Student: 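Starting off with a structure, shown below.
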Amino acid sequence: MPEKVRTVFANSDDDKAAEPKISLQTTEETRGKKKKNKKRKREEPEASQNDDHDETSDTPAPKKQVETPVAVPKNQANAAPQSTEAPAAKPYPKSKSKPFTDTKLNWMPLREKAKALLEVRRKLPVFENADRIRSLLREQDVMLLVGETGSGKSTQIPQFLVDEFWCRPVPAQITRNGKTEKKMVGGCIAITQPRRVAAITLARRVAEEMGTPLGSHSPASKVGYSVRFDTSTSPSTRVKFLTEGMLLQEMLHDPYLTKYSAVVVDEVHERGINVDLTLGFLRNLVSGNKEGRGGVPLKVVVMSATADMESLTGFFQEGYRIAGPEKKAIENGAEAGPEDSPSSRDISVCHIKGRQFPVKTIYSPAPVHDFVDAALKVIFQIHQKEPMPGDILVFLTGQETVEALEHLVNEYAMAMDPALPKILVLPLFAALPQAAQQRVFAPAPPRTRKVVLSTNIAETSVTVSGVRHVIDCGKAKIKQFRTRLGLDSLLVKPISKSAAIQRKGRAGREAPGQCFRLYTEKDYLALDETNTPEILRCDLSQALLNMKARGVDDIVRFPFLTRPPREALEKALLQLLNINALQEDGTISAVGLHIAKLPLTPTLGRVLLAAAENGHECLLDVIDIISCLSVENIFLNTTSEEKKEAAEAARRDLYRREGDHLTMLMTVRAYASEHADRKAWAERHLVSHRAMQSVMDVRKQLRTQCRQAKLLTNEALNRTSLHDPSPILILQSFLAGFATNTARLVPDGSYRTIVGNQTVAIHPSSVLYGKKLEAIMYNEFVFTNRSYARGVSAVQMDWVGEALAGKD
DNA sequence: GAGCACTGC
């Protein structure tokens with residue numbers, strides 16, 4: 001249903017009621033505007049392609065767009081996703097000696113580009129609402145904004161707000177823990193994003209539009225971004241794009257977000273656990289007393305692509321209700337601005353229409369049993385009937401189904417009528433090497449139709465150009481943490497309506513399109529409205545530790561947008577108790593506080609601290625291993641048989657009989673000591689170069705943090721000679737966090753978990769696969785077709801006993 | 001004999 005609703009921006013001229021007011025969409029003015037929109041679409045479909053960030057997420061601000069703002073074929077822009085640096089981002093070296101006037105001169109071309117871009121911006125659906133959004137936010141602290149794809153909300157909203165009077169830094173007196181301090185509060189707008197690429201791409205784009213250099217490139221820069229391993233801001237930054245995790249991290253140090261006048265939370269509908277935590281903390285900030293901010297209000301804009309805003313309005317209203325009808329007097333005497341009038345408690349809901357071409361939906365007349373087979377038929381049906389150009393995007397569940405369909409399509413294509421255009425089949429999934437992924441962005445060769453077979457990576461993370469036909473199998477693999485069993489399950493499940501709409505929308509980005517749903521309309525109507533929030537699907541220990549570290553001692557009273565079941569919360573608390581991150585009374589311990597600041601799961605954080613007690617050498621080795629465990633799989637999947645044998649031989653010298661942990665250590669050591677050509681080394685050993693680069697990033701970050709925490713000395717870090725690792729010390733350090741992730745061999749030759757007595761098999765990707773050992777410790781316990789332990793090492797039963805008894 | 005997608009001072 002949401003896809004059929006056509007709404008315009010909220011009509012906010014209604015009388016203001018005393019009760020918290022929600023201005024809902026009105027449909028009256030729609031008609032005229034709709035027509036206008038339609039016309040616009042025909043005239044400049046290209047302009048709409050780069051204004052919403054999910055469209056550019058894989059195509060950083062196409063530079064052509066800057067030079068000729070009118071017409072850029074999307075294909076072209078996508079064809080070179082590597083040319084990331086827009087010209088505006090380049091000209092400022094970090095050199096401090098550069099005179100300021102120089103910067104000023106270099107500004108001129110930026111200004112001109114910004115002026116040209118303004119023409120494009122003016123045509124965005126969101127633009128005509130600028131004044132209304134500004135005036136609502138002058139009165140109110142919270143705004144909810146529904147903006148469909150292509151509305152331009154992510155790039156424009158911060159620019160609408162940055163020059164508002166309330167967005168200037170103000171001197172304030174802050175009282176905390178009885179101490180009063182003078183400080184500037186506000187001045188900056190934060191915009192959160194679920195993904196790194198989006199944060200960086202948007203920052204680049206907005207910097208161009210504002211005509212200022214990006215981030216740390218110049219002291220005059222107004223736009224910056226902050227993602228893990230990559231921060232580009234300057235003291236003058238006013239608009240900052242960051243990942244949700246990064247904002248949470250900032251909040252650990254500055255709970256009242258005193259740098260910011262506003263926080264814009266974008267893409268809320270994706271409902272990652274970080275966004276849920278962010279919203280909980282923000283609700284406490286807007287509805288609580290503002291002492292920590294010296295009485296200066298914080299504006300919160302929550303943006304989503306789906307119309308389900310009722311739960312969000314209720315969520316923020318409840319915050320106001322609990323805070324009480326009267327505002328607490330501000331004790332330190334900060335002046336009461338207009339924000340303190342009752343209307344600051346109103347919440348407005350605004351709808352902005354997107355810019356999409358119409359997409360026709362075709363349902364399967366009867367239930368489909370084999371969606372790979374059904375997809376095959378539809379692909380050739382489209383290919384025979386539909387004119388060129390018009391590529392096909394097929395949503396499947398995983399690598400397995402992608403590869404199965406790939407073979408089938410290629411097979412059928414060979415027997416195809418030679419008079420028909422050719423078919424180019426391109427698989428797309430996250431584990432695919434980067435180079436192979438890039439192939440889907442290149443436009444199809446002449447007289448060829450691209451058929452992209454994708455997992456749900458193409459649903460949000462990646463935009464494929466040229467697509468006019470979408471085939472949706474209606475399913476996806478979803479990871480679900482099962483509290484009772486303490487394991488992750490990766491199961492094929494039906495998608496939600498909003499995911500189905502998202503998939504369908506991928507056909508209408510450049511021209512009218514069609515979407516074939518390989519399920520019946522009845523099935524569609526029975527789907528859940530939205531995706532299950534991650535907070536209901538994952539292990540909560542990290543989230544709880546973060547809350548505890550922020551002083552939220554009573555978890556039950558935390559404002560959850562969706563409250564996790566009690567059992568899941570209890571399990572997480574128990575786990576934190578087990579690793580001594582919490583004290584018996586449930587408050588955070590010194591160890592817990594330390595772990596919370598590490599960019600690791602609580603368990604891995606605990607391991608790191610345990611290793612620190614076993615000496616510098618052990619800590620350095622454990623950091624190497626932890627770095628591997630906290631990134632995607634470093635070992636590539638073998639594709640062909642010949643390659644496999646060569647790789648097995650090359651990898652042989654890395655394998656350690658102690659298990660995967662020590663094997664990872666040897667891999668990091670070998671990679672790090674390869675100075676000539678790491679990429680070639682990685683290819684030879686069938687190790688993912690991309691993953692190893694992340695490993696090295698994490699390793700560097702952890703080493704730095706350990707040095708700052710005085711767990712490592714410079715001397716230990718700079719030592720060049722390699723010591724012999726001590727497997728015993730390393731594995732015992734791991735048991736400090738993973739004592740409950742252990743299993744012992746039983747007489748029938750299988751393994752049973754020590755806690756829970758469940759059957760578990762060593763995953764085939766492990767170096768210990770097929771081995772019979774006294775006991776094993778594993779990093780992960782997952783269920784796919786059966787229960788597997790992944791990341792496995794051999795341990796001794798008496799070590800496990802000691803670790804479980806807490807005598808580490 | 002096997003690998004949905006994201007993310008972190």
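Chain naming here is simple, since letters A, B, ... match the order of the sequence lines and numbering starts at 1 in each. Predicted model only: the values in this text are computed from it and were never measured.
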Student: Tell me which of A:P764 and A:T397 sits closer to the 5' end of DNA chain B, going by the nucleotide each one is nearest to.
Tutor: A:P764

Student: Atom CZ of A:F781 to atom C1' of B:dA2: distance rounded to whole Å?
Tutor: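 Going from CZ in A:F781 over to C1' in B:dA2 covers 16 Å.
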
Student: Tell me: CD of A:Q705 to P of B:dC9, nearest whole Å?
Tutor: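 From A:Q705 CD to B:dC9 P: 7 Å.
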
Student: With heavy atoms under 4.0 Å as the rule, sort A:A476 into base, sugar-phosphate or nothing.
Tutor: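 Here A:A476 touches no strand at all.
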
Student: Would you say A:H763 places a side-chain N or O within less than 4.0 Å of OP1 or OP2 belonging to B:dG3?
Tutor: yes

Student: Take atom CG of A:L428 and atom C1' of B:dG3, then tell me their distance rounded to the nearest Å.
Tutor: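 A:L428 atom CG is separated from B:dG3 atom C1' by 15 Å.
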
Student: Can A:Y788 and A:Y769 be said to form a ring pair (Phe, Tyr, Trp, His ring centres under 6.0 Å), step by step?
Tutor: CA-CA 11 Å; A:Y788 285 112; A:Y769 174 69; 8.4 Å; no

Student: If we ignore angles and hydrogens, is there a donor and acceptor under 3.5 Å between the side chains of A:E250 and A:Y260?
Tutor: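 Their side chains do contain a donor-acceptor pair, which is all the 3.5 Å distance test asks for.
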
Student: Tell me which nucleotide among B:dT7, B:dA5, B:dG3 gets nearest to the side chain of A:R195.
Tutor: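 Among B:dT7, B:dA5, B:dG3, the one nearest the side chain of A:R195 is B:dT7.
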
Student: Would you kindly compare A:T455 and A:E250 by the position of their nearest DNA chain B nucleotide and give the one closer to the 5′ end?
Tutor: A:T455

Student: If you look at every strand shown and take non-hydrogen atoms under 4.0 Å, does A:V227 touch a base, only sugar-phosphate, or nothing?
Tutor: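 Sugar-phosphate: the residue A:V227, judged by heavy atoms under 4.0 Å, touches backbone atoms but no base.
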
Student: B:dC6 phosphate, OP1 or OP2: any side-chain N/O from A:R196 under 4.0 angstrom?
Tutor: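 It does not, given that no N or O in the side chain of A:R196 lies less than 4.0 Å from OP1 or OP2 of B:dC6.
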
Student: Of all the heavy-atom pairs spanning A:C188 and A:K240, show the shortest one and how long it is.
Tutor: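 Smallest heavy-atom distance, with atoms named: SG-CB, 4.4 Å.
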
Student: Reckon A:T784 touches a base, only the sugar-phosphate, or nothing at all at heavy-atom distances under 4.0 Å?
Tutor: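 Contact class for A:T784: sugar-phosphate only.
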
Student: Show the nearest heavy-atom pair for residues A:F734 and A:I625, with the distance to one decimal.
Tutor: CZ-CG2, 3.5 Å

Student: Between B:dA5, B:dC4, B:dC9, spot the one nearest the side chain of A:A430, thanks.
Tutor: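 It is B:dA5.
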
Student: Please tell me which of the listed nucleotides, B:dC9, B:dC4, B:dT7, lies nearest to the side chain of A:T243?
Tutor: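 The answer is B:dT7, which lies nearest to the side chain.
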
Student: Distance check needed: B:dC4 P versus A:I457 CD1, whole Å only.
Tutor: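 It is 12 Å, rounded to the nearest whole Å.
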
Student: Picking from B:dC9, B:dG1, B:dA5, which would you name as closest to the side chain of A:Q701?
Tutor: B:dC9

Student: Could you check whether A:L248 gets within reach of a base, just the sugar-phosphate, or nothing at all, counting any heavy atom under 4.0 Å?
Tutor: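 Counting heavy atoms under 4.0 Å across all strands, no contact is made by A:L248.
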
Student: Separation of A:E267 atom CD from B:dC6 atom C1', in whole Å?
Tutor: 13 Å

Student: Among the candidates B:dC4, B:dA2, B:dC9, find the nucleotide nearest to the side-chain atoms of A:L490.
Tutor: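 Output: B:dC4.
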
Student: Name the closest nucleotide to the A:S461 side chain, picking from B:dC6, B:dC4, B:dA2.
Tutor: B:dC6

Student: May I ask you to test the A:I478-A:L491 pair for a side-chain heavy-atom distance under 4.5 Å?
Tutor: no

Student: Among A:T243, A:T233, A:T237, A:D230, which residue satisfies the side-chain hydrogen bond (donor to acceptor under 3.5 Å, both in side chains) criterion with A:Y225?
Tutor: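 Among A:T243, A:T233, A:T237, A:D230, the one that satisfies the side-chain hydrogen bond (donor to acceptor under 3.5 Å, both in side chains) with A:Y225 is A:D230.
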
Student: Figure out the CG/P separation between A:L396 and B:dG3, and round it to whole Å.
Tutor: 17 Å

Student: For A:M251 and B:dC9, what is the distance between atoms CE and C1' respectively, to the nearest whole Å?
Tutor: 15 Å

Student: Taking NZ from A:K259 and C1' from B:dC9, how many angstroms apart are they, rounded to a whole number?
Tutor: 11 Å

Student: Kindly point out which of B:dC4, B:dC9, B:dG1 is positioned nearest to the side chain of A:Y769?
Tutor: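 Of B:dC4, B:dC9, B:dG1, B:dG1 is nearest to the side chain of A:Y769.
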
